[in-house]
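Single-structure report; data block below.
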Amino acid sequence: MSETSPHDVLIVGGGVIGLAVGWRLRQRGLSVCVLERDAAPARQTSRVAAGMIAPVSEASPTEPALLTLGLASADMYPAFTGELESETGLSVGFRRCGSLFLARDGDEAAVLDRDLAFRERLGRPVTRLLPSEARRLEPALAPTLRLALDIPDDHAVDPRALTVALTRAFTRAGGELRTAVEVAALSVSHETVHGVRLDTGESLAAGQVVVAAGPWSGQIAGLPPTARVALRPVKGQIVTLSDPAGPGLIDRVLRMQPGYLVPRGDGRYILGASVEERGFDTSITAGAIFALLSDAIELVPGAAEWRIDELNAGIRPGTADNLPIIGPSPVLDRLLWATGHHRHGVLLTPLTAAIVVAAILGETPPEGAEAATPGRASVSAAAPAGGAAEAAETAAALAAGPGVEG
Ligand SMILES: Cc1cc2nc3c(=O)[nH]c(=O)nc-3n(C[C@H](O)[C@H](O)[C@H](O)COP(=O)(O)OP(=O)(O)OC[C@H]3O[C@@H](n4cnc5c(N)ncnc54)[C@H](O)[C@@H]3O)c2cc1C
């Protein structure tokens, strides 16, 4: 077994979260290595994401802490992507396009009306639109539309472009990226994490280890049960379409019950997404794709002419309370979590990186960060009956029902 020179920080997982954390830490002068088991970074959940930066559309009265985190991270997006683009010379496809939340029938309109007052109280612009007003903004919407909310500050980014830019920014800043290496276990002794062991048998020492392995974060070996976190895999199927006539049919993100259509601005559209509790299965099913396409064509009849470019399925890293798990382990020294982002990992990327950097450098954490603390009882995989496991089942059952998903 060989031992190489230690890094200040090892990051397990090269998705959008691991890459952003690595870039931000490297900018602060730490030696950082990202370990990714795929042949290239960001081939898993981050590659499949639609890229909505949409805290107001996603807001739920029952999830105030998630909303606070989402709003804070959305506010960081323009500066975050601007800096990334100027450091790399690459576009990340951040479009300030706004979103329309749409209702197709009386029931959906009643839900929009019910949630309008709650969304208005968030202090972000939201306007109720009659169908004719919505069609003035997006003329391709079907005449059967019943009601819409205009949410002009909910935007979108291209997650694939974002991860390409993050990879370049991280490596250009001097970060080390090792691909095709699987972390088999964390090296733990005396209640402290000292590094990782790779599947090749190689050991890597580090001052701190950040686990950013998405939905697989709860599976990394070497941890005592009390130090593990409970995650549930939530499958999402999603379609990439393109308009042979080019861009322009739809400009804004369209949200519906359930699902969404995200224009990339270049004639491509991302149509998502199913919400399924099927473990780590990523098969594509006719029923899920049919449901997505039929909803989209009902709302935008012109979508019937679009080409299908890709069908994908990804696994969201869900938690029992739908909040991410970010920060130092309450059980083991020198271990940090940056995971559990469920349907908001792209949105929460800048804030997650800021929380981890602050924790590692001993700085004041961003406001609201305590809501994501790994110390909360609901994320411990070792919680007694009635704890995390049961909560995860309840959340799974809830998530299995219809809902608007990222
Ligand atoms: C259909 C769908 C649509 C979505 N849409 C949105 C959206 O519009 N907006 C939004 O904010 N979020 C969205 N999400 C959620 C978002 O994609 C995730 O929250 C986010 O990508 C999680 O990023 P991550 O880096 O934690 O995980 P991942 O991207 O999965 O990265 C984890 C990485 O860790 C690696 N890894 C795992 N185990 C090991 C190991 N032992 N050793 C080494 N490497 C390892 C994996 O190979 C992987 O590359 C969507 C998700 C889905 C499925």
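Computed over heavy atoms, backbone and side chain alike; hydrogens, waters and symmetry mates excluded. Just so you know, ligand 1 is whichever comes first in the structure, and atom 1 is the first atom listed for that ligand.
- When G345, S46, G15 are ranked by how near their heavy atoms come to atom 23 (O) of ligand 1, first place goes to S46.
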W23 and E87: side chain to side chain donor-acceptor pair (under 3.5 Å), yes or no, with the steps? CA-CA 11 Å; W23 176 47; E87 278 198 17; 3.2 Å; yes
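- Between H342, Q237, R316, it is R316 that holds the heavy atom closest to atom 53 (C) of ligand 1.
- Between R268 and D309, no side-chain nitrogen of the basic residue sits less than 4.0 Å from a carboxylate oxygen of the acidic one, so the salt-bridge criterion is not met.
- Close approach of ligand 1 to V16 is summarised as follows: ligand atoms under 4.0 Å from at least one heavy atom of the residue are 23 (O), 25 (O).
- Proximity to I17 (heavy-atom distance under 4.0 Å) selects the following atoms of ligand 1: 23 (O), 24 (P), 25 (O), 26 (O).
- Taking a 4.0 Å cut-off on heavy atoms, S217 fails to register as neighbouring ligand 1.
- The residue among R43, R178, H341, E36 with a heavy atom at the shortest distance from atom 48 (C) of ligand 1 is E36.
- Listed by number with element, the atoms of ligand 1 under 4.0 angstrom from any heavy atom of D38 are 47 (O).
- Among G51, G214, A42, G70, the residue whose heavy atom lies nearest to atom 27 (O) of ligand 1 is G214.
- In this structure, T339 falls outside the shell of residues with a heavy atom less than 4.0 angstrom from ligand 1.
- Side chain of D38 to main chain of A40: no donor-acceptor pair is present (N/O by atom type, distance under 3.5 Å, no hydrogens or angles).
- Within the structure, every pair that satisfies the salt bridge (charged side-chain N to carboxylate O under 4.0 Å, His left out) test and touches residues 60-75, not counting sequence neighbours, is listed here: D75-R124.
- For the pair V229/V211, no side-chain contact is recorded, criterion being any heavy-atom separation below 4.5 Å from C-beta on.
- At least one N or O atom of L347, backbone or side chain, sits closer than 3.5 Å to an N or O atom of ligand 1.
- L292 approaches Q237 most closely through the heavy-atom pair CD1-O, 3.5 Å.
- Here F290 pairs with nothing under the ring-ring contact (aromatic ring centres under 6.0 Å, His included) rule; sequence neighbours left out.
- Under 4.0 Å from ligand 1, the heavy atoms of R343 that appear belong solely to its backbone.
- Remark: distances from the non-hydrogen atoms of T349 to ligand 1 are all 4.0 Å or more.
- In terms of polar-atom proximity, A50 is counted as a contact of ligand 1, with an N or O under 3.5 Å from an N or O of the ligand.
- At a 4.0 Å heavy-atom cut-off, ligand 1 touches A212 through the backbone alone.
- We find that E176 and R26 are not joined by a salt bridge, their nearest charged nitrogen and carboxylate oxygen being 4.0 Å or further apart.
- Although no hydrogens or angles enter the test, the distance criterion places no donor-acceptor pair under 3.5 Å between the side chain of E36 and the main chain of L177.
- Counting the atoms of ligand 1 from 1 in the order shown, those under 4.0 Å from a heavy atom of A273 are 1 (C).
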